[in-house]
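This report refers to the structure that appears directly beneath it.
The sequence lines fix the lettering, A, B, ..., with proteins before strands; numbering per chain opens at 1.
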Protein chains: 2
Amino acid sequence: MTMIDETQVKETSATHGAYITLRDMILTGVLPAGQKLKIEQLRGLLNTGASPVREALSLLTSDMLVERIDQRGFRAAPASKANFAEILALRCTLEDLALRQSIANATPDWEEQLVLTHHHMKKASGQGTKLFEEAHKTFHMALLANSESPMLERFCAQLYDLNIRYRYLAAKSATYQKRDVSAEHEEILDAAIQRDQDRASASLLSHYRLTGDYLSRALDI
Amino acid sequence: MTMIDETQVKETSATHGAYITLRDMILTGVLPAGQKLKIEQLRGLLNTGASPVREALSLLTSDMLVERIDQRGFRAAPASKANFAEILALRCTLEDLALRQSIANATPDWEEQLVLTHHHMKKASGQGTKLFEEAHKTFHMALLANSESPMLERFCAQLYDLNIRYRYLAAKSATYQKRDVSAEHEEILDAAIQRDQDRASASLLSHYRLTGDYLSRALDI
DNA sequence: ATGTCAATAAATATCGATATTTTGGGAGGA
DNA sequence: TCCTCCCAAAATATCGATATTTATTGACAT
């Protein structure tokens, strides 16, 4: 009865579908930062009812991608240089912690996941950006996945996504020339596998700060 | 048309009301950790429609107080010693950071807020627990409020609330004899006003860890 | 001109009913 | 006795309509 009109291949609940789609639209900037998100409009866009849309938007507030103003609807979270700087700083602190804990708890299983996700990321590097982005996130989250602190990992994942949004913002205003980061990734992977906390953390943070500096310059908000 | 049946004095949206009430019920353990939260049941409890209830529950997911299982409803977030330990550890890291930043950015305004909220907390100490809890949170958040990092403060506030829940859990299983913490509070306040980051942070963390050890023993989950 | 206020338009929030999915339990067969 | 399959009951998810609230416009008085 529902026609397949999007890349949505799998059947899922309307709320979840709306959540995924809206999330993606905000991350990629299709729904610009700060924009009012009217229920009617989104309801039409996703051809679903108002309830799933409202619920998806409520869930997106968890991710700090949507702001809710009581009795006055929703809007995409605003973006600013200050916010970007804050995200970068927090990421550096939290990922440093998570990575060190992950290494401290290192297991063969975890190491294997690192190698695998890194491999997938390398393979995806040629393909469409979307696929690479996905693999890149998976690799970075795998680095932290052994911290035995689910909440810390959740915070890191949240911040990761918020950062992504700024990548898309920067891509718009400037010619987004993708730096060659594969060497940096190798370095992080190697240090992690050697269980060298200091070296792994240092290279991870440097990886983020380099990208951060670049993005910060490219942003014109 | 709506009759005043709760402590709810102010008129507000049904969703917001449900959010506040449910949040409180989870924090205080009226809705026990892990419990299934059925829409019908809550709808009756709050005498409101299903939509506000669902939306409030979705919002509570942000706070990690409710878990959502797609197509299978909601439940109060489970509690465990491991989770408690994680919260304590994260709080120590994040509040340490936030407090140091707050002190680094110290202003007369901020100092005055500290003194004021501390005063309020002392005055509330005799009164009903609820009021003191409120003032206690306000004081602790005031300590961090000058960090110039809204997200960091948000994380700290979240963790603070999650911790509260364990206080109520401990209060149930053991005779919850309130430690005399006023000296510790004075010490934190004084160090903050002296702009001594190391001493402030050390006393704050010690404050948390002492309570943490105590709670950890009292918990029987 | 300008600011205020009321009337209208638009959007949000909420309700009640229905469709869909999951859960629980029991009959029938191995 | 235990497993599997199917049906009934319960609960979730969703829709469509309506009530409330907020935003907008334009007339009127200053």
Quickly work out the [X] [atom1] to [N] [atom2] distance and round it to whole Å.
X: A/Gln41; N: C/dA10; atom1: CD; atom2: P; value: 15 Å
X: B/His16; N: D/dT21; atom1: NE2; atom2: C1'; value: 16 Å
X: A/Arg43; N: C/dA13; atom1: CZ; atom2: C1'; value: 16 Å
X: B/Tyr19; N: C/dA13; atom1: OH; atom2: C1'; value: 18 Å
X: A/Gln35; N: C/dA11; atom1: CD; atom2: P; value: 13 Å
X: B/Arg75; N: C/dT22; atom1: CZ; atom2: P; value: 17 Å

- Query: Can you tell me how far the OH atom of B/Tyr160 sits from the CD atom of B/Glu153, to the nearest 0.5 Å?
  - Reply: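 That separation rounds to 15.0 Å.
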
- Query: Are A/Lys130 and A/Glu133 close enough for a salt bridge, meaning some N to O gap below 4.0 Å?
  - Reply: no

- Task: Mind checking salt bridge (charged side-chain N to carboxylate O under 4.0 Å, His left out) for B/Lys137 and listing every partner two or more places apart, or none if nothing turns up?
- Result: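 With neighbours one apart ignored, the set is B/Asp161.
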
- Message: Test of understanding: with salt bridge (charged side-chain N to carboxylate O under 4.0 Å, His left out), list the residues that count as partners of B/Glu134, not counting sequence neighbours.
- Response: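 For B/Glu134 there are no salt bridge (charged side-chain N to carboxylate O under 4.0 Å, His left out) partners, ignoring immediate neighbours.
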
- Determine: side-chain N/O of A/Thr48 to OP1/OP2 of D/dT14, distance under 4.0 Å, yes or no.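 Answer is no, no contact under 4.0 Å.
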
- Distance check: side-chain N/O of A/Thr15 vs OP1/OP2 of D/dT14, anything under 4.0 Å?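 A/Thr15 to D/dT14 OP1/OP2: side-chain N or O found under 4.0 Å.
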
Quiz: residues 89-99 of chain A side-chain donor-acceptor pairs under 3.5 angstrom, not counting sequence neighbours:
from, atom 1, to, atom 2, distance (Å)
A/Arg91, NH2, A/Tyr208, OH, 3.3
A/Thr93, OG1, A/Ala89, O, 3.2
A/Glu95, OE1, A/Tyr208, OH, 2.7
A/Glu95, OE2, A/Tyr208, OH, 3.2
A/Asp96, OD1, A/Arg100, NE, 2.9
A/Asp96, OD1, A/Ser201, OG, 2.3

Below 3.5 Å between N/O atoms, which protein atoms pair up with nucleotides 17-19 of chain C? Just atom names and distances, please.
none

- So with a 6.0 Å cut-off around NZ of B/Lys123, is the heavy-atom count from everything else above 12?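 Check fails, neighbour count at 12 or below.
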
- For the side chain of A/Ser147 and the backbone of A/Gln101, is there at least one donor-acceptor N/O pair under 3.5 Å apart? no

- Message: Please check this pair: side chain of B/Glu86 against backbone of A/Met151, looking for a donor-acceptor N/O pair closer than 3.5 Å.
- Response: yes

- Task: Determine which pairs satisfy ring pair (Phe, Tyr, Trp, His ring centres under 6.0 Å) with at least one residue from residues 70-89 of chain A, sequence neighbours left out, and list them in order.
- Result: A/Phe84-A/Tyr166

- Between protein and nucleotides 7-12 of chain D, map the contacts as a letter string: B base, S sugar-phosphate only, - none, heavy atoms under 4.0 Å, written 5' to 3'. ----SS

